[in-house]
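Please read the structure below before turning to the comments.
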Amino acid sequence: MRRNYLKNILKGSEEMYLTDEEKDILSGARGEAAKLAMETLIKIGEINGAEKFVPIKNVHLVLHAYKSAFDAGVETAEKIAQMGGRFCVPVTIDPYGMDAEDWRGAKTPEHYARQQMRLEDAVMKMGVIPNWTCTPYYGFTAPRMGEHLAWSESSAVAYANTACGARTNRQTAIVDIFCGIVGRAPYTGLHLDENRKGQVLINLHIDRPLETWEYPALGYLLGQKLGARIGVVDGMKGSPDSEDLKNFCGAAAAAGSVALMHIVGVTPEAPEREAAFGGNEPEETIDVTEEDIRNTRKAMCSNTTDKVDFVALGCPHYTINEIVRVHKLLAGREINHDTAFWIYANSYALRLAEKMGIRQDLEKLRVVIRAETCMIISPVKDWGFRTMMTDSGKCSYYGPAECGTEMIFASVEECVESAVSGKLEIFK
Ligand code: F3S
């Protein structure tokens with residue numbers, strides 16, 4: 001994408017081919033909002049060297065939380081809705097910007113709550129499906145190999161491309177809304193075969209399946225090393241769970257700008273190393289050892305105290321499997337009275353946890369479990385937590401700035417033990 005961008009700046013961008021239907025939309029036949037969407041997407045497409053549009057199956061929005069949308073985002077969404085902007089493909093959305101079940105109890109400022117609700121009204125008017133999760137791939141829009149999508153949530157983009165072989169660029173807020181209104185995206189970047197070839201070889205020298213905590217640590221390490229380049233991970237042993245890939249992709253997309261990584265034997269387009277490179281020679285080779293992952297884990301921590309006052313899990317949103325694991329690890333033990341223990345999940349997982357009686361059990365043990373929001377995109381700073389502990393690579397990247405805490409990245413087992421004792425419990 002960047003190569004095309006530079007090429008087109010230098011030569012002057014060329015006009016995109018438009019179908020008759022697209023010309024009609026551009027002329028205003030489907031209303032002012034669709035016209036504006038088409039005009040904007042054509043500009044973006046031409047700058048990025050797109051020759052045409054590609055029809056998309058669905059869209060996932062990131063204009064979802066007042067914390068990141070600010071007043072300008074709220075007003076823009078309202079404006080597009082007032083202009084008649086309506087989605088023509090299924091459009092889902094990232095987590096809600098506050099605890100919808102109990103926003104007052106979650107110390108949400110009144111102004112913040114009002115703006116969050118205005119944003120919600122605007123996207124609902126456009127026809128969003130309010131799933132409020134960063135893991136849309138576990139729902140009715142689960143991506144399939146080769147499908148074209150327009151998703152914006154970085155962890156979900158990386159998952160859709162890497163784990164499912166679907167095709168989406170990292171869209172931005174507003175552009176994703178426009179794609180949903182016209183049902184198309186510029187045919188550029190990761191929609192094209194030639195831009196999906198591996199660029200960097202990553203040789204993993206670990207002769208055993210990775211442990212659960214090592215996936216986000218590896219993702220974090222590779223995100224930092226790759227930036228926006230496409231890595232090919234060779235040598236991963238065993239068969240990672242879907243949750244492992246979720247946590248790996250979330251960390252890689254946060255610590256770098258990773259939108260696609262080929263994991264040989266896992267990514268559908270990468271049955272073996274050669275297929276992942278598609279005839280390219282690797283421009284760089286990176287060797288990763290067990291020690292590199294341990295060092296990354298240390299670098300992900302910034303704590304200056306052993307006291308743990310906040311444990312936050314579920315970034316990206318926890319699945320039912322992950323909730324069940326925490327339930328088993330706690331084994332009826334109560335969380336320390338000076339420690340907050342919060343779990344964020346998607347609503348399917350929470351519903352299942354309720355049906356299984358697990359949510360009720362966990363809440364008796366002082367675990368707060370919420371769907372449809374998260375620690376990073378809701379206003380957590382006012383709680384005044386000093387040290388946050390998490391099993392998430394993405395949360396450990398954003399937590400210090402967004403939650404105003406020192407950070408400890410650890411395994412879920414260590415997070416649970418620390419929440420029970422109230423101080424850092426690290427297993428050797
Ligand atoms: Fe999801 Fe919030 Fe993390 S949106 S990926 S839980 S920052």
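As the structure lists them, so they are numbered: ligands from 1, and atoms in each ligand from 1. Values below: every heavy atom of this structure, side chains too, minus hydrogens, waters and symmetry copies.
- For an aromatic pair to be called close, the ring centres must be under 6.0 Å apart, and H317 with Y138 fails this.
- At the shortest separation from atom 3 (Fe) of ligand 1 among protein heavy atoms lies C315 SG, 2.3 Å.
- Ring geometry, F385 versus F310: the interplanar angle falls under 30°, so the pair is classed parallel (tilted spans 30 to 60°).
- Contact annotation: for K394 versus ligand 1, heavy atoms closer than 4.0 Å belong to the side chain alone.
- Outside the 6.0 Å centre-distance limit, the rings of W151 and Y159 are not counted as a close aromatic pair.
- Taking the ring centroids of F53 and Y187, they lie at or beyond the 6.0 Å cut-off.
- Between the R359 side chain and the E354 main chain, no donor and acceptor come within less than 3.5 Å of each other.
- Taking 4.0 Å as the cut-off, P95 counts as a neighbour of ligand 1 on heavy-atom distance.
- The distance from ligand 1 to the heavy atoms of G314 drops below 4.0 Å at these ligand atoms: 6 (S).
- At a 4.0 Å heavy-atom cut-off, ligand 1 touches C374 through the side chain alone.
- For the side-chain contact (heavy atoms from CB on, under 4.5 Å) test with P130, the passing option among E120, H64, M124 is M124; the others fail.
- Scanning the protein heavy atoms around atom 1 (Fe) of ligand 1, the nearest turns out to be C134 SG, 2.3 Å.
- Because the distance cut-off is set at 2.8 Å, H317 fails to qualify as a neighbour of atom 1 (Fe) of ligand 1, as none of its N, O or S atoms comes that close.
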